[in-house]
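What follows is a set of notes on a single structure, which appears directly below.
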Amino acid sequence: MALPPGEISDSSEYEMDLPNMPGEAVEYHSIQLIRDEFLMNIQKFANNIQRTMQQLEGEIKLEMPSISVEGEVSYLAADPETMDILEQCVINWLDQISAAIESQLKKTPQGNGPLAEIEFWRERNATLSALHEQTKLPIVRKVLDVIKEADSMLVANLQPVLTELFKLHMEASDNVRFLSTVERHFKNITHGSSFHVVLETIPAMMSALRMVWIISRHYNKDERMVPLMERVAWEIAERVCRVVNLRTLFKENRASAQHKTSEARDTLCMWKKAYFDTRAKIEASGREARWEFDRKRLFERTDYMATICQDLYDILQIDIVHKIFVQNLDNPPLCKSQPPVAGAVHWERSLFFRIKHTILRFQEVEEILDSERGAEVKQKYLEVGRMMKGYEDMKYEQWRDTTEQVLPALMKKSLLAKVSADDATGSDRGTVFAINFSPALREIINETKYFEQLGFHIPELARNVALQEDKFLRYTEGIQSMLDHYHTLTGTLNEAEAVLLDEHSQELVRVFRSGHKRLNWNSLGIADYITRCKQAIGKFESLVHQIHKNADDIASRLTLIESINLFKYPAPKSEEELPGVKEFFEHIDRERAKDLDHMVRWYLAIGPLLTKVEGLVVHTNTGKAPKLASYYEYWESKIYEVLTKLVLKNLQSFNTLILGNVPLFQTETILTAPEIILHPSANEINKMCVHCIRNCVEITKHFVRWMNGSCIECPPQKGEEEELVIISFYNDISLNPQIIEQAVMIPQNVHRILINLMKYLQKWKRYRPLWKLDKAIVMEKFAAKRPPCVAYDDKLQFYSKIAYEVTRHPLIKDEHCVRLQLGPLANTVQENAKSWVISLGKLLNESAKEELYNLYEEMESLAKNLKKSPSTLEDLKFVLATIAEIRSKSLVMELRYRDVQERYRTMAMYNIYPSDAEKELVDNIESMWSNLFNDSVNVERTLGGIKRTFTEITRNEILNYRQQIEDFAKCFYLEGPGSVGEDLDSGIELLATFERELIKHERNRQELANAEKLFDLPITMYPELIKAQKEMSGLKQIYELYQDLKVAKDEWSQTLWINLNVQFLQEGIEDFLRALRRLPRQVRNLSVAYHLEAKMKAFKDSIPLLLDLKHEALRDRHWKELMEKTGVFFEMTETFTLDNMFAMELHKHTEVLNEIVTAAIKEIGIEKAVKEILDTWENMKFTVVKYYKGTQERGYILGSVDEIIQCLDDNTFNLQSISGSRFVGPFLQTVHKWEKTLSLIGEVIEDDCLTTDCQKVNGPRKSVPILKAFPARAAPAITATGHSRIMGETLKDPVIKRCCEAPNRLGDLQHISEGLEKCQKSLNDYLDSKRNAFPRFFFISDDELLSILGNSDPLCVQEHMIKKFETEALPGFYVKR
């Protein structure tokens, strides 16, 4: 049977081994996913092509009528021939449709899988859809309409067929649409690359089928859904059959086969699980039809196959079981409550049954186990089984032997064991008992029961013990209950109570002791022992309860004392009225005194309660029983703790109240000029707070301490000066660091709050001028400024506003616990503000009154002048001037009398009222001025003729003045201060001259303008004069700036050259340039401005040149050169100032100066380099060292001269480089001199190094034979002391320069060098003659041979014998006596 597309890949997948590494698994899985997607797309494409071909090939085409059906339906229906043709056509249609429907109903899905059903419905949908669409064609609808119109018999047959076609088409269409939603899942199940894909698909597929079940109109019934799900089950089962092939399974890799069966089993189980999960969701929803499908059809085959897969997996698991067994052999996993040995055996048997069950089932199929692979599995099973059986027997035998040895000893153990006790002292205090029933005994009992269940033979003793398990359980429970009761009871005792009841506790321990010493688990009196112990515990418990009752009474009194509030402050009288500071603290003191009486009474009741405890324990009532001494001490310490907590808690609570946001008391603020203070003052509040805190701590003085070892109060003791001292808790509590901290913190917090309040009061200090300033002086100064009415109004409004707003301020300020009452302060400030309003009102009245009467007098004067009769020109001008004055003053006078009226109105606003005479004059002042103005108009009309005569005279004067202005303007522009060019100094003189003339012309213009006004002539304009005035104003600004620049330069020129500050000059000239640029544009466009800016920029450009001249490289020769080229000469002294530098006009000689500075910088570099060389050789010295030949000193020689030669070469090269520079001129002689000196030093050092070899002949020179070997002229050279003398002088003065420049030093060294060469040659000849005479001397060096020849001791040859005779021993020398 051929596999469907994609199945070949499915079956071949499991032929390969699974990937072993995680990285390989990921890559493998991704490749499979890509392959699956590709195969599915190919399959989808093939299905679409196949479906299209089916539609093209199998489409049923309805035969259309051969006649035209155009026209009206009724017309066509009336034509018989047409009707016959159309009826025949419809009959053919019915046959075609019926045949197609019948054919589709007979078809069944081609295949057992779910994809076959989808293809079935798609094919039906394609066929019926083609027919249904043809029935919608216009021609078909027209034919059917004609048939209906003709009322043909075919209508009755046609309608059911069309209805059936539509019904079947809609069913197929819906089924295709809904089944398409699960097609992807069906393809995954059919063509998925692995079971992993199938496992992931099944739950999603079930959810999709549930949606189809809910929404679809056809797949919502069992008869449709069950076959579909049966197909899915078949597909899954077939997939498993193809993959898990029994014929090839056991031939595959073990891991691969096991993986196959595991995934196959999981897939089959997932199919069933997913079904029941979906079914449960449907039932839980309660709204959907339940799935009550035939489970046998769906799961019979898959369940059976899952069982087979599990069996196959188990068979393949023998190795795994063996591996699990070996891995957990030493520490097997146990079930809960299982003993270790029997549990291990149970675990081993469970592993064995896992493989045994599977093997037994496969024995039923003989061909499986008879195969080669089956025989191998069977052999492996037998090996594992034998190993497990050996493990089981070993475990049991070990347990049995151990139990028989240990069990008797465990049964002989005592009932109780001491957990802790001081055995060294023999005391039973602190003894804690525990039940001594060994866990090993419990384990033996459990092991016995489990082994008996497993069918093992149990030792007799172990069985007997196991049978007594219930009795042992009762005993252990009873003993444990008794011990728990005892330990609980002793646990309720504190340390003091434990010491108090020590004897009773020891008596109880003696009752327990028999269970620790005598009784064991084989004893018969265990029950009686438990009863005795319980009775003793009951008696001890009764005593403990009575002591605890008394302790509770004492504790309750201490609790009452501890709960007392020592700071009960008074409740506020109302929400706005709080108690005062003094009232607040006095109330706290009163309430504290009341509470103190109650606390003392409670404290005094503690002594009798302790006496009662004394009666219970030692049966006395003295209050000072020695056995209760520690108990008294315990309660005394408790009282101390309670009193400490009481004081500390109250101090902390009071501190919290102090820092809280609820005000507790109030204080007032009053003004005592010039300060605002609190009442009571901050110091008084601090003192009251400190006093209250001190009293809180001092209440502990009323709690008198007990005498030592008792609960009786200590009587007063005599202290210094016979003063009675009461010993109380105060002495200790007052030294507590926490209480001290709180006692210090509270006053600090109060002080901080008061400081914050004082800071708040700083806001009121803005009103301080109201009372701090001298009102009379302020009013006098204000009046002296003659302020306008608006200023008075502002002042009056300001003080009136203060008087108003101080009452609107919050008159209460809450700062934590303190409420500040600001009402008295506000009233005082308001009164001060009102007094300022009254003073200002008086001042305003005076100024208004003065202005009022001034106006009145001025009006009277103008009225008098207006009435004068004009008999001359001057009189006419006077009258006309008066009229003009009245006319010109019209607005001013109106403003003045309006101002006066406003002043009086302002006074009325602030309730300041003048006298009646002032008020009457104010009311009439406006009408007085109106009458005066009207009179001036009338007088002017009467003077008309005289006015015309004098008008002509004025016109002629104006013409003459215009000509004067034109002449002045020409002279101003040609010869004025703006035409001087760069000579700004002469411009300053011209500026003063032309300014005087301009003032004179302006005065004449004003006189003419006044005359024009008098005679009603138009005011003549003089544009030349205005232009000259504007230019004069600009020139004045420029020349003022120039004069300031000259002053600044004069100041700068006095600066000493050594104090030159370039930054200061730069900033100064920049300020002048900025001032010039800030001038208006028309001023900057003047030619004088350009020249001034050029001068400023030239000066600015010369400043960097000054900085260059400050360079350290400049010498006198450079300054002389600069003076010659600039033509300005001066002396370079300490008083040399910048005046000389400004005179040089350096900006004109920039190139010359740069050349001089550059040369100076280069020359200073050469100077430094030469000086460095001079300093080096003036200080460099030879190193003279002693020369040793062996241990014998041979004089002095030079040390290493490598560094000297290196330095010499470097400096010689540097001098050669310097001599080649064009700036070497000033130093040329020095450079040439030192070149010669360094050359001499080099030659001397070279010759001196050669002469050092003469030391080699100093050793043998005493040997006469060796001396004879030297030539006659060479011997004196060797014996001469020339070289030694030179080395001696060098040692005394090792400076190289002086050594090398010594007289004849070079010649001496050259002479010594020549003698040395001759000596060396003679010495070599002499040594060669000795070697020729005795060839063994060729094996030693020249120095060694010289040491032998120059020594008279024959023993000196011994140290060189080894070199001359390698195999010979040292010869012996015998000395004759």
Side-chain angles (χ1 to χ4, degrees), residues 877 880-881 884-885 887-889 891-892 950-1049 1069 1071-1099:
K877 285 185 176 182
L880 291 176
E885 184 180 0
R887 186 179 297 170
S888 65
K889 285 186 175 181
L891 180 58
V892 175
F950 290 106
T951 299
E952 291 300 324
I953 297 171
T954 303
R955 286 196 179 102
N956 294 330
E957 292 178 353
I958 291 172
L959 292 174
N960 295 331
Y961 178 74
R962 183 185 295 277
Q963 186 61 42
Q964 293 176 8
I965 291 300
E966 291 177 356
D967 295 341
F968 171 77
K970 291 179 182 178
C971 181
F972 177 77
Y973 291 118
L974 295 175
E975 303 174 1
S979 61
V980 296
E982 295 183 357
D983 190 7
L984 299 181
D985 293 328
S986 62
I988 294 174
E989 298 175 358
L990 291 174
L991 180 70
T993 303
F994 278 89
E995 190 174 9
R996 287 193 296 270
E997 292 183 16
L998 193 60
I999 292 172
K1000 174 184 172 184
H1001 287 301
E1002 176 64 20
R1003 191 182 306 114
N1004 294 335
R1005 187 196 65 78
Q1006 290 179 357
E1007 291 178 358
L1008 290 173
N1010 290 335
E1012 287 175 333
K1013 290 179 182 178
L1014 290 175
F1015 299 115
D1016 293 334
L1017 292 174
I1019 303 298
T1020 304
M1021 303 300 295
Y1022 306 98
E1024 294 85 356
L1025 179 62
I1026 295 172
K1027 183 178 179 183
Q1029 286 175 336
K1030 288 183 179 179
E1031 187 166 338
M1032 178 62 76
S1033 174
L1035 291 170
K1036 192 174 179 180
Q1037 296 179 45
I1038 293 172
Y1039 280 110
E1040 286 177 356
L1041 187 59
Y1042 175 64
Q1043 287 179 324
D1044 293 340
L1045 176 61
K1046 287 181 66 179
V1047 172
K1049 287 182 68 175
I1069 195 62
D1071 292 340
F1072 281 107
L1073 283 169
R1074 281 194 291 270
L1076 179 62
R1077 296 188 189 105
R1078 284 197 294 268
L1079 294 177
R1081 182 182 296 276
Q1082 60 272 18
V1083 176
R1084 296 200 308 272
N1085 290 335
L1086 296 175
S1087 62
V1088 180
Y1090 287 114
H1091 293 302
L1092 177 58
E1093 185 176 12
K1095 285 180 176 292
M1096 290 181 178
K1097 288 183 176 178
F1099 182 79

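Note: Gln1037 CD to Arg1078 CZ = 12.0 Å, rounded to the nearest 0.5 Å. The distance from the OG atom of Ser1033 to the CD1 atom of Ile1038 is 10.0 Å, given to the nearest 0.5 Å. Rounding to the nearest 0.5 angstrom, the gap separating the NZ atom in Lys889 from the CG atom in Leu891 is 13.0 Å. In this structure, the separation between OG1 on Thr993 and CD on Glu975 is 11.5 Å, given to the nearest 0.5 Å. Atom CG of Leu1041 sits about 10.0 Å away from atom CD of Gln1043, to the nearest 0.5 Å. The CD atom of Glu1093 sits 8.0 Å away from the OH atom of Tyr1090 when rounded to the nearest 0.5 Å.
The two residues Met1032 and Glu995 have their closest heavy-atom pair at CE-N, 3.8 Å. Nearest heavy atom pair, residue Met1021 against residue Arg962, reads O-NH1, 3.9 Å. Nearest heavy-atom pair, Phe994 versus Pro977, reported as atom, atom and distance to 0.1 Å: CD1-CD, 3.9 Å.
Remark: Arg1077 engages no residue in a salt bridge (Lys or Arg N to Asp or Glu O under 4.0 Å) (not counting sequence neighbours). Residues satisfying the side chain to side chain contact (heavy atoms under 4.5 Å, CB included) test with Glu1031, not counting sequence neighbours, are Phe972, Tyr973, Leu1035, Leu1086.
Here the side chains of Ile999 and Arg1003 are in contact, with some heavy-atom distance below 4.5 Å.
Using a distance-only test at 3.5 Å, with no hydrogens or angles considered, no donor-acceptor pair links the side chain of Tyr1042 to the main chain of Val1088.
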